[in-house]
Novice: 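Just dropping this structure here.
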Amino acid sequence: MGKVKMTAVALVLIHAAWAVAALVVHQAVLPTPWAVYAYLPQLARRQLQWHLFFSLYRLGWSMVIATILGVVIGIACVRLPRVGRVLDPLIYLTYPLPKIALLPVVMLLFGLGDGSKIILITLIIVFQVIIGVRDAVRQIPASVYQGVAVMGASRWQTLWYVTWPASLAGLFSALRIALGSAIATLFFTEVYGTEYGIGYLIMDEWNRLDYLGMYGGIVVLAALAFILFAALGALEAWSSRWRRSA
Amino acid sequence: MGKVKMTAVALVLIHAAWAVAALVVHQAVLPTPWAVYAYLPQLARRQLQWHLFFSLYRLGWSMVIATILGVVIGIACVRLPRVGRVLDPLIYLTYPLPKIALLPVVMLLFGLGDGSKIILITLIIVFQVIIGVRDAVRQIPASVYQGVAVMGASRWQTLWYVTWPASLAGLFSALRIALGSAIATLFFTEVYGTEYGIGYLIMDEWNRLDYLGMYGGIVVLAALAFILFAALGALEAWSSRWRRSA
Amino acid sequence: APKESAVQSSGSAAAPKSATIRIGTMAAPDSLPLYVAQQAGYFKKHHLNVKLTAFKSPKERDAAIAGGQLDAAVSDAVALSTYVNGQLGFKSATALTGYFGIVTSADNVKSVADLKGQAIATMPRQTPTFYLDQQLAKAGLKDTDVAIKEVAAIPVRLQLVANKQAAATILPDPFLSMAKAQGLKVIAQSDPAQYQTTLLAVDRALGQNQAVMKRFYQAYDQAVKTINKHHASDYQALLTKQLGFPAKIAAAYQLPHYQAAQAVPTKTLKQAFAYAHQTGILKQAVDASDYQLQVQ
Amino acid sequence: MLTVSHLGVAYAHQQILEDVTFTVGPQEILAVLGPSGVGKTTLINAICGQQAHTGTVTLAGQEIDPQRQQLALVPQDYGLLPWLTVAANVGLPLRLRHAAANQQVMAMLEALGLTPLAKRYPAALSGGQRQRVALARAFVAQPTLLLLDEAFSALDPVVKQTAYALFDKQWQATPAPTLVVTHDWEEALVLSDRLLVLAQGHPHLMKNALADLPRAQRVHAPAYPQVLADLREAVAAQWAK
Amino acid sequence: MLTVSHLGVAYAHQQILEDVTFTVGPQEILAVLGPSGVGKTTLINAICGQQAHTGTVTLAGQEIDPQRQQLALVPQDYGLLPWLTVAANVGLPLRLRHAAANQQVMAMLEALGLTPLAKRYPAALSGGQRQRVALARAFVAQPTLLLLDEAFSALDPVVKQTAYALFDKQWQATPAPTLVVTHDWEEALVLSDRLLVLAQGHPHLMKNALADLPRAQRVHAPAYPQVLADLREAVAAQWAK
Ligand SMILES: Nc1ncnc2c1ncn2[C@@H]1O[C@H](COP(=O)(O)OP(=O)(O)OP(=O)(O)O)[C@@H](O)[C@H]1O
Ligand SMILES: Nc1ncnc2c1ncn2[C@@H]1O[C@H](COP(=O)(O)OP(=O)(O)OP(=O)(O)O)[C@@H](O)[C@H]1O
Ligand SMILES: [Mg+2]
Ligand SMILES: [Mg+2]
């Protein structure tokens with residue numbers, strides 16, 4: 001259980017750094033950890049479970065859609081070279097577009113509800129998944145394909161027996177990056193048309209200059225993120241058992 | 001020169017999609033490509049070069065700092081397992097923190113100038129580089145290290161001869177993702193304390209609901225991004241020549 | 001997944017078949033009558049099915065307007081000029097009761113005139129800055145006499161002044177009250193009885209539907225009347241939940257005297273449009289009265 | 001029948017194989033000999049369609065197409081998929097054809113002494129074990145063309161004999177044109193019907209003087225030492241040119 | 001002098017090597033024979049510190065430490081770094097010691113017929129060429145302990161003889177305790193002074209009856225066929241147990 005111990009060490013470190021910073025800055029903008037934790041029960045009474053639920057709901061759908069699209073497009077970019085040669089510049093041209101600028105168009109098409117939020121988060125993270133998967137697939141050496149090609153594997157079989165397992169580690173890496181981005185994006189999607197969501201909660205507290213509440217929300221969010229990252233890690237460990245015997 | 005041709009195809013496709021969407025939506029929110037291009041010369045007269053310069057300046061520094069930090073921390077996470085076991089949870093806890101919430105603290109510490117902008121962009125992208133590099137380093141099979149270990153390589157030599165080249169492709173993948181994020185982040189850092197930057201330009205036009213100017217800025221931004229991505233790609237191709245003979 | 005409205009304690013029951021109006025609100029006292037009318041059932045009484053959507057910043061509100069998701073929105077004079085620029089077809093319906101204050105943390109700044117040479121955190125080309133301009137002009141200063149630090153987010157602006165990284169900033173409520181609570185000095189404040197720049201912007205279709213507008217104004221006026229008979233203490237829930245007041249601030253808050261539905265003074269609107277033209281929002285001079293609806 | 005005609009391969013301006021022409025009968029095993037780096041692996045790869053080349057390769061009159069013909073290859077580096085267990089690797093060619101695999105796979109693993117390793121991943125195997133897995137995979141496929149690239153090189157002499165015997169048995173049951181690349185003269189004599197000696201990209205065909213004997217008896221044939229010595233000399237002469 | 005005492009290795013509950021004890025003299029070459037999967041590679045890895053084990057391994061009286069002693073290993077899979085050219089791979093052990101490499105590397109490449117490949121990356125080499133690069137890298141290092149794991153298995157007979165000769169020459173110039181893992185009885189007889197036969201994790205040491213002859217002459221010795229036959233029998237007997 002060295003992992004648990006080390007996580008504890010990390011927690012202590014992070015709180016120590018926070019405490020020191022808070023004491024040095026000594027301003028309301030940066031409250032001390034104990035003040036924030038003392039405030040947490042109060043925050044919990046404010047329907048925290050629903051804030052969590054709605055954020056998770058939006059995150060979940062975006063991650064699922066972005067994963068599916070990202071895997072399909074990322075693989076297609078490499079395995080269908082003609083498609084890839086058109087998609088690559090398309091990705092580079094569209095990835096860095098300010099998604100915030102697309103807000104009116106997204107709202108026009110998907111309204112103010114969860115739909116537009118999910119689409120927006122997806123738009124932001126799908127490129128990260130695409131690029132991660134594509135680069136991982138690109139790194140698979142040709143020799144790995146040779147074996148199954150000689151055995152007469154079809155396109156789909158090649159995908160299933162080679163491309164997918166060989167790029168899985170890259171996919172998980174991309175999903176980790178995307179998950180972080182998606183969470184960070186909540187602050188920009190949960191500020192309209194909703195009164196629930198951790199992002200909303202934090203922004204709301206911020207707008208009230210209630211830094212205790214804001215940092216309380218951030219603590220909850222960090223805990224949530226940690227759990228999600230741990231889940232991703234467990235999924236990866238399970239799906240790449242074969243690496244363990246190396 | 002199939003690449004150039006395919007980029008042209010991609011450009012045609014993207015503009016066609018844009019034109020169709022613009023004609024269908026038929027609202028000022030989404031002007032047609034030709035209207036935007038017709039407006040570009042006007043935009044160019046508005047010190048476009050300085051907007052580009054300042055954005056590039058901020059992007060450049062953030063990318064350099066994030067790359068250095070990301071490579072060092074990402075490698076340390078794996079190659080110094082004790083460090084890694086503390087850093088991993090630290091990363092997962094801090095990555096998804098809303099950087100926007102840190103804005104007051106960052107401003108307090110670094111002011112309103114380029115310093116705080118560069119710090120903020122760096123804070124957002126450094127985690128993506130760390131995770132990308134760390135996951136790439138993690139994937140290097142132990143057997144690759146064995147050879148140089150038997151030859152008596154020191155820690156630094158192992159780093160230089162094995163870890164670095166073996167994780168380079170992962171680093172470039174992470175840098176691509178980070179570059180896109182960094183550019184997208186301009187819209188959130190260039191909205192304070194500056195009157196220059198492509199992000200500022202686009203947001204300013206948006207604030208005026210001047211969609212022609214805004215889309216003009218976006219077109220310039222996309223072109224800039226494309227050039228930066230191409231530069232990254234060229235650098236990667238050069239640094240991984242050895243893959244070509246596989 | 002459950003719909004959010006199912007979770008909300010204040011979820012509205014199914015309204016009778018009546019005109020539906022989607023209104024975007026901001027977390028500011030300007031929006032209070034809308035919430036009161038909604039809560040007290042005035043809208044329903046006037047056969048209006050009003051859906052209020054809260055926005056945290058003007059940017060998302062304007063995106064929702066541009067995206068066709070709102071029929072009306074709590075907005076302001078300069079923002080209206082951007083709608084004109086963006087050809088969104090929105091016009092000014094009624095003025096709303098709102099106000100700005102200029103706050104400072106600098107000990108040597110006692111009045112607006114003392115701002116000369118000082119750093120002011122604000123977002124240019126928006127109504128607060130328009131207000132600042134006017135106040136500076138009154139004090140015999142030009143906007144070049146002060147150093148503008150562009151900062152979009154209001155809480156950040158307030159923080160900058162509190163940290164003395166800027167001398168002053170312009171704030172609407174509830175930030176104004178929060179600034180006061182932090183010990184910042186108010187050196188100027190607008191009086192909603194005379195100076196109104198916040199307004200309800202409505203889209204073309206709604207603006208032309210005079211019957212609905214009329215019922216809307218009736219509901220609005222009823223809400224205003226009700227509010228003026230009450231005190232802030234009667235609206236603590238609304239103030240804290242919908243209007244973004246911290247509980248402590250809300251408790252000490254004094255409601256302004258709300259004005260019945262009335263058009264924004266044409267003069268103010270014209271000045272705002274002139275400001276918009278001068279700062280480049282409007283490409284050419286636009287007659288403000290073309291974007292003003294009569295309030296009967 | 002495998003027909004290779006005018007086959008040529010070049011890597012980056014360097015011609016490796018040039019105008020290689022030969023046939024392998026439907027029931028024939030051809031041993032391919034040649035100095036390191038001459039192009040044996042390249043030839044095998046070109047035949048099974050994994051290497052761009054000039055000239056043509058046909059199997060039973062048709063252009064080689066792995067999707068329609070059943071090829072089996074033991075590559076020089078074994079070519080196991082690291083994410084599949086030993087059993088899954090061996091059963092793969094059957095699974096790709098949507099055929100039941102389990103029973104045949106288990107029998108084949110047993111025959112090569114791999115049964116206790118069935119659930120391991122390739123990374124946890126020794127070199128010779130990996131090579132045996134690759135052999136099992138090729139044998140289980142019952143191919144219409146069998147290509148072995150130094151496929152017995154990592155086996156100890158005892159296991160090697162077992163593998164030869166198994167190969168013989170499998171091949172007798174479902175004979176197919178077969179190429180056996182090897183550096184081992186004895187292996188060539190024991191397994192093949194004819195020899196293809198590559199020297200500087202050109203092929204030279206030779207008879208195996210022991211071809212008429214059953215494979216299991218050849219080492220014990222009185223002529224064996226002499227034939228071996230002759231072969232050694234003949235090949236060395238070819239390479240020296 | 002290499003001293004291995006009571007060495008044991010287990011993978012996931014399975015004991016591979018148990019209580020292995022032997023020494024290799026400062027000027028001795030020990031051939032390691034054993035059936036596939038018995039643990040030869042594991043033994044080599046344990047000796048050079050790349051495999052967790054019980055027991056101790058010392059070289060010249062000191063615990064093995066690659067940073068202070070110069071070890072050279074030719075792993076079964078060659079272990080070349082794909083991002084270094086052939087010349088850079090061969091020169092690596094010298095470079096790691098901050099020694100000038102160029103001249104020696106070029107001479108070694110020449111001796112193994114690799115000169116035209118100096119600037120290639122490993123991916124563009126044939127199997128045998130890769131193995132020769134790995135051999136060149138080990139020879140150039142002038143090690144104080146040399147470990148060869150089936151290091152000649154992918155070479156054709158002619159090149160193999162050259163490699164043997166080169167090995168002999170290098171080793172004579174700078175002799176060091178050496179382990180040669182091989183499946184080839186002849187290789188064992190030609191190269192080694194003594195034989196270590198592994199059977200089920202236990203070592204059995206045997207004399208090489210030809211050890212007193214110079215290596216180059218052993219194959220031509222009249223006793224050679226008989227010694228080979230005897231060895232074959234003795235080893236087979238060991239393995240059968
Ligand atoms: N990708 C490549 N680029 C350039 N040359 C290559 C490439 N791959 C192989 N070669 C060269 O082609 C020649 C033939 O290689 P091949 O692998 O076919 O040899 P081989 O006969 O199988 O040798 P070995 O017995 O050593 O396995 C070699 O000289 C090799 O250096
Ligand atoms: N990572 C591992 N996990 C479990 N067992 C392993 C692992 N690596 C090797 N083994 C087992 O350890 C035994 C010894 O392996 P080793 O590679 O040392 O054999 P070897 O004598 O070198 O065989 P070969 O001649 O085939 O190379 C084998 O039975 C192998 O299956
Ligand atoms: Mg070969
Ligand atoms: Mg081995």
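Computed from a prediction, not measured in an experiment: that's the story for all the values here. As a basis for the values below, the full set of heavy atoms in this structure was taken, side chains included, without hydrogen atoms, waters or symmetry mates. Numbered from 1 within each chain, the chains take letters A, B, ... in sequence-line order.
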Novice: Work out which heavy atom in A:Ala222 is nearest to a heavy atom in B:Leu97; give both atom names and the distance.
Specialist: CB-CD2, 4.0 Å
Novice: If you count heavy-atom pairs within less than 4.5 Å of chain B, which of A:Ala182, A:Gly180, A:Ala225 leads?
Specialist: A:Gly180
Novice: Heavy-atom pairs under 4.5 Å with chain A are the metric here; pick the option from B:Ala178, B:Ala223, B:Ala230, B:Ala10 that has the most.
Specialist: B:Ala10
Novice: With a 4.5 angstrom heavy-atom cut-off, is it the side chain or the backbone of B:Leu30 that approaches chain A, or both, or neither?
Specialist: side chain
Novice: Look only at the side chain of A:Tyr95 and the backbone of B:Ile177, and say whether a donor-acceptor pair between them is shorter than 3.5 Å.
Specialist: yes
Novice: So which bits of residues 119-133 of chain A come within less than 4.5 Å of chain B, counting non-hydrogen atoms only?
Specialist: A:Gln128, A:Ile131, A:Gly132
Novice: Select, from A:Ala184, A:Pro104, A:Ala21, the one with the greatest count of heavy-atom pairs under 4.5 Å involving chain B.
Specialist: A:Pro104
Novice: Among A:Ile218, A:Leu186, A:Leu224, which has the most heavy-atom pairs under 4.5 Å with chain B?
Specialist: A:Ile218
Novice: Quick one: CD1 on A:Ile14 to OG1 on B:Thr94, what's the gap to the nearest 0.5 Å?
Specialist: 5.0 Å
Novice: For B:Leu221, is it the side chain, the backbone, both, or neither that has a heavy atom closer than 4.5 Å to a heavy atom of chain A?
Specialist: side chain
Novice: Are A:Pro96 and B:Phe229 close enough that some pair of their side-chain heavy atoms sits under 4.5 Å apart?
Specialist: yes
Novice: What part of B:Leu13 gets within 4.5 angstrom of chain A, counting heavy atoms only: side chain, backbone, both, or neither?
Specialist: side chain
Novice: If we define contacts as heavy-atom pairs under 4.5 Å, which of A:Ile183, A:Ile91, A:Leu93 has the most with chain B?
Specialist: A:Leu93
Novice: What's the spacing between A:Gln139 CD and B:Leu168 CG if we round to 0.5 Å?
Specialist: 9.5 Å
Novice: Can you measure from OH (B:Tyr92) to CG (A:Leu232) and round to the nearest 0.5 angstrom?
Specialist: 8.0 Å
Novice: Ignoring hydrogens and angles, write down the donor-acceptor pairs under 3.5 Å from the side chains of residues 169-176 of chain B, residues two or more places apart or on other chains.
Specialist:
residue, atom, partner, partner atom, Å
B:Ser173, OG, A:Asp135, OD2, 2.7
B:Arg176, NE, A:Asp135, OD2, 3.1
B:Arg176, NH1, B:Glu236, OE1, 3.2
B:Arg176, NH2, A:Asp135, OD2, 3.1
B:Arg176, NH2, B:Glu236, OE1, 2.7

Novice: Could you go through A:Lys5 and B:Arg85, starting from their C-alpha distance and side-chain angles, then the distance that decides it, and tell me whether this counts as side chain to side chain contact (heavy atoms under 4.5 Å, CB included)?
Specialist: CA-CA 9 Å; A:Lys5 223 171 83 188; B:Arg85 254 174 300 162; over 6 Å; no
Novice: For B:Ser181, is it the side chain, the backbone, both or neither that has a heavy atom under 4.5 Å from a heavy atom of chain A?
Specialist: both
Novice: What part of B:Tyr215 lies closer than 4.5 angstrom to a heavy atom of chain A: side chain, backbone, both or neither?
Specialist: side chain
